[in-house]
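Reading through the structure tokens given below for one structure.
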Amino acid sequence: MYIDTHCHLLDEKINDIENILIKARELNVQKFITCATDLNSSIDAVKFADSHDGVYASIGLYPEYAQQYNDQFESEIAKLAQNKKVVAIGEIGLDYSLLDCDREKQKEIFTRQLNLANDLKKPIVIHCREAYGDLITLLKSHRNLLKWGGTCHCFTASKEIASEILKLDLQISANGVSTFKNAEKVRNMLKTLPLSRILLETDSPYLAPHPFRSQINTPCFIPIIAHSLADILGVSPEEIEVATTTNARRLFNI
Ligand code: NI
């Protein structure tokens, strides 16, 4: 059994989600964590997870929307997190690739959500783009808030940064980028990771793996990502399946 630990099942680019879930299960992808980016998508994710076996929700505020964070948002998320299908807080983090981004505001809101996740005893799902220096510094200084664990989703940074993430006892999520022809650096980084620290994700509907790169991504592509990872690490696809599923079940308690 595979688990897609990061997808956006309710994204408007994905049509006919019920059939996609049936097809994914036929391909041995049995559990799905659908990730939210703001309050409305958090509410929708919890509703969807609550009405679908094997679907779980990760809720929180994406760095791009940091200005939307306030006490009311926080208490709404805390209320939603009482639902047993909510397994993480995310995606949260830092994104400096955005034009006009307020870095200080992003750091403040990320820190508030680290506190929230810790209060709620939930792992975190981190989104980070062009901000790993600040991310590592911030996480190191809030190590006490990381005891429920977490993962760096869509991780495509260097092996040096990967090693810093591992030192913080966080997981690293591999997705379809590792299958891209020009992603030699990503493959070299993945080779340095122990099997006990890798999760699988699609980040559907984005980043479909090669040779489907131009298509809408869905959880049905998880086995392709797993087979590619097996080739990269020089292990069998079964070992990837067992290791990543064990890691995901332990981290998200599913
Ligand atoms: Ni995402």
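Numbers here simply count residues along the sequence, with the first being 1. In listed order, ligands and their atoms are each counted from 1. Every value quoted in this text rests on a predicted model; they were computed, and no experiment measured them.
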**Request:** Could you check whether the rings of H8 and H6 sit parallel, tilted or perpendicular, using 30° and 60° as the cut-offs?
**Result:** perpendicular
**Message:** For N/O/S atoms only: which one belongs to D203 and is nearest the Ni ion (ligand 1)?
**Reply:** OD1
**Message:** Distance alone, cut at 3.5 Å: any donor-acceptor contact between the side chains of K147 and N118?
**Reply:** yes
**Asked** Is a side-chain donor or acceptor of D11 paired with a backbone partner of P205 at a separation under 3.5 angstrom?
**Response** no
**Request:** To the nearest 0.5 Å, tell me how far Q67 CD sits from L61 CG.
**Result:** 10.0 Å
**Message:** Before moving on, can you tell me the angle at the Ni ion (ligand 1) between the OE2 atom of E91 and the NE2 atom of H8, to the nearest 10 degrees?
**Reply:** 90°
**Request:** Report the name of the N/O/S atom of H6 located nearest to the Ni ion (ligand 1).
**Result:** NE2
